[in-house]
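Count residues from 1 along the sequence.
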Amino acid sequence: MIMKVNIKYISAICVFCGLTSCMNLDPKAEIGDNLVWEKADNFQLFANQFYGWTRDLQSGNTYQYGFSDGPHSDFRSDIVCSTIVNAYNQGTNSIEATDANYNSLYKRIYYTNLLIKHAGNFSNQAAIATPLGEALWFRAYLYFELVQLYGDAILLTEPVDMDSERLYQSQDDRGVVIDQCVKDLQRAAELLPDKAEEGRVTSGAANALLSRVALYEGTWQKFHNQNTSRATELLTIAKNAAKAVIDAGNYELFYNAELGNDSYRYMFILEDAAQCNPAGIAKSANKEYIMTTRHRDGDKLALNVTHAVTTSNVIWITRKMANMYLCDDGLPISKSPRFAGYNGATTEFQNRDNRMRCNMLANGDTFWDNDSKWRTTWTDADLSNCRTAGVTSGSGYLCKKWAVERKVDDYYESMDYPVIRYAEVLLNYAEAAYEINENISDQDLDISLNLVRQRVNKNMPKLSNSFVTSNGLSMREEIRRERTVELFMEGFRLDDLKRWATAVDEMSKDLTGVKITGTWFETNWPNHGRQLDSEGCLILYTDRQWSKKNYLLPLPSDQLQLNPQLNQNPGWSNK
């Protein structure tokens, strides 16, 4: 029998979200309450809609790769900026009347709860194990998003009716919400298959997300609340979850001998429809992506990736980011005799971590794009049809991460977006292992962080306890450095600064670009039009005023009016 539309369920969404726009459901969601819950196939049909809800997708439009504004965008951090000053970056954002993120998260949680509720009454549990696992995975994913953005949240584990008192109560403590996320992901890991079609969640994806969630909250409790016991509990969960992914052996860091040091760069632009790299390999060669948003040839992305990265120069990489790359002796530039200084146009790129050249264009570098110069032979013959980087614009540091080299129509790049990749899991393991007791064994470093570091830096010394001690380094800072460098432009930096409780200090500093005074730039870029700091570097953003209240977003005013029991986040006032 076909179920009638449950008006209570649908009305509950409107009341809770506070906007009639919450009724603008995706087509698959609109038929949700009409599904025949007596068939296992319909559970999977219903669960398919969840895959449009990852954080790289917003209202159905792709804002992926960290270079368009969004709650996790690197544009809101201290490592990149652009021509438009971002209010969140400056710490000057205010309380919004409405917040699409808040509304959509609860609407989507409702649908995961709907499937989970009906799954409890289904006679053949084995037949619906995968869609139930997917619902649990995405419910945890969505609630974790709420905690990251707003802190405490109303925890709903079933599709509530419009007259439920739960809709009009104050938020549950963030710890209660995180505990539910942990429980959901542990159960999802049991239900989901070890391997699945590309782009779908697996048991590995459940443990990978669990490592992210538990690491985030464990460090939040440690550095914000000084709650050592709670932090240890969560950090141990994070470490064990990451180790489960490692031990399963289903994923590996992407490296191709023919691509060599460029393996890291090409990983992000692997496609299937046409040759996209000199080795002629496609997406299937990449075993690093654990969970992806899939894009196929012919999909029209909402953002023209290649133009946005390079030719338009909309991304200004900051000096802070450029300085984070180690020298090839494994030492920071402040300690390494291998650092060649800033005097020349390209001297600071010499003897550095190979990921610096993978992510950034130095002056005089040759490159290709999808505008007027592209690769056709994938040999040195392509050098006759290339562009040459000139860096006298923006911050003086140009980005080339995510930029394709093949001829492709605008907006039709088809590389997948890594919602979770193996490198993050390895770094989660290293950080969790260290923060539990503020020490980490060399063995733990070798099965995690050092694999990431040496992927394209084969001769760089490993990070070890003796290396840290003999060179006067901080193990914590080196673990954090590795994370920032590896996950650059993937939407992690601001969240990391928040959970480490360092954002107030780091986000209040000026954002600067290349050094002008006494360098090649002083002669070749005299009309830069910007003030210089005390070191002679371009000042990109100044007068930044980040404070403790900015660790969480304010609740939108419409929700506070609808539910007077909600507590506004600390430091924010509607008056």
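- Taking OH from Y143 and CG from D184, the interatomic distance works out to 9.5 Å, rounded to the nearest 0.5 Å.
- Using a 4.0 Å cut-off between charged nitrogen and carboxylate oxygen, R139 and E134 do not count as a salt-bridge pair.
- Two rings, from Y106 and Y102, have their centers less than 6.0 Å apart.
- Of the inter-residue distances, the one linking D446 atom CG with S464 atom OG reads 8.5 Å to the nearest 0.5 angstrom.
- Using a 4.0 Å cut-off between charged side-chain N and carboxylate O, K509 and D78 make no salt bridge.
- The CD1 atom of I109 sits 13.5 Å away from the CG atom of L114 when rounded to the nearest 0.5 Å.
- Between P193 and T130, some side-chain heavy-atom pair lies under the 4.5 Å cut-off.
- Ion pair K239/E435 not flagged as a salt bridge, since none of the NZ, NE, NH1 or NH2 atoms sits closer than 4.0 Å to an Asp/Glu carboxylate oxygen.
- For the atom pair I237 CD1 and D179 CG, the distance stands at 7.5 Å (nearest 0.5 Å).
- Taking the six-membered ring for Trp, F46 and H118 have ring centres at least 6.0 Å apart.
- Using a 4.0 Å cut-off between a side-chain N of Lys or Arg and a carboxylate O of Asp or Glu, E486 and R455 qualify as a salt bridge.
- A salt bridge does not link R480 with D496: none of the charged nitrogens is closer than 4.0 Å to a carboxylate oxygen.
- Atom OG of S104 and atom CZ of R108 lie 4.5 Å apart (nearest 0.5 Å).
- Side chain to side chain, N48 and Q44 meet the donor-acceptor criterion of an N or O pair below 3.5 Å.
- Between E490 and R421, at least one side-chain nitrogen of the basic residue sits less than 4.0 Å from a carboxylate oxygen of the acidic one, meeting the salt-bridge criterion.
- We find that R166 and E158 are not joined by a salt bridge, their nearest charged nitrogen and carboxylate oxygen being 4.0 Å or further apart.
- Note on K222 versus E438: salt bridge recorded, some NZ/NE/NH1/NH2 to OD/OE distance being below 4.0 Å.
- By the 4.5 Å heavy-atom criterion applied to side chains, T54 and M291 are counted as neighbours.
- A cation-pi arrangement is present between R174 and W220 under the rule of less than 6.0 angstrom and at most 45 degrees off the ring axis.
- Counting non-hydrogen atoms of other residues, nucleotides and ligands closer than 6.0 Å to CD of Q443 gives a total of 12 or fewer.
- In this structure, the side chain of N563 engages the main chain of Q169 through a donor-acceptor pair within 3.5 Å.
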### Stepwise ring pair (Phe, Tyr, Trp, His ring centres under 6.0 Å) test for W316 and Y541
CA-CA 11 Å; W316 295 355; Y541 287 8; 7.2 Å; no

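- Within the 6.0 Å centre-distance limit, the rings of Y264 and F268 are counted as a close aromatic pair.
- Using a 4.5 Å cut-off on side-chain heavy atoms (C-beta onward), V80 and R493 make no contact.
- Taking the ring centroids of Y251 and Y289, they lie at or beyond the 6.0 Å cut-off.
- In this structure, V419 and T292 have side chains that are not in contact, with every pair of non-hydrogen atoms separated by 4.5 Å or more.
- Under the 6.0 Å distance and 45° angle rule, R483 does not count as a cation-pi partner of Y434.
- Considering only heavy atoms from C-beta on, L511 comes within 4.5 Å of N89 through its side chain.
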#### Entry: Full working for side chain to side chain donor-acceptor pair (under 3.5 Å) between R265 and N359
CA-CA 7 Å; R265 177 167 68 91; N359 289 333; over 6 Å; no

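- Considering only heavy atoms from C-beta on, S170 stays 4.5 Å or farther from L566 through its side chain.
- Taking a cutoff of 4.0 Å between a charged side-chain nitrogen and a carboxylate oxygen, E482 and R355 qualify as a salt bridge.
- Of all non-hydrogen atoms in Y110 and P159, the two that sit nearest each other are CE1-CB, 3.5 Å.
- Because its NZ or CZ atom is both nearer than 6.0 Å to the ring centre of Y88 and within 45° of the ring axis, R76 counts as a cation-pi partner of that residue.
- Looking only at side-chain heavy atoms (C-beta outward), M324 and M356 stay at 4.5 Å or farther from each other.
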### Task
Go through the steps for Y111 and F138 under the test ring pair (Phe, Tyr, Trp, His ring centres under 6.0 Å), then give the verdict.
CA-CA 10 Å; Y111 284 113; F138 277 96; over 10 Å; no

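- Annotation: D543, atom CG; neighbour count of heavy atoms from other residues, nucleotides and ligands within 6.0 Å does not exceed 12.
- Residues W500 and F223 keep their aromatic ring centres 6.0 Å or farther apart.
- Look at D353 and R481 and you find no salt bridge, because none of the NZ, NE, NH1 or NH2 atoms lies under 4.0 Å from a carboxylate O.
- Taking the centre and axis of the six-membered ring of Y422, the NZ or CZ atom of K287 falls outside the cone set by 45° and 6.0 Å.
- Separating the OG1 atom in T202 from the CD1 atom in I290 is a distance of 7.5 Å, to the nearest 0.5 Å.
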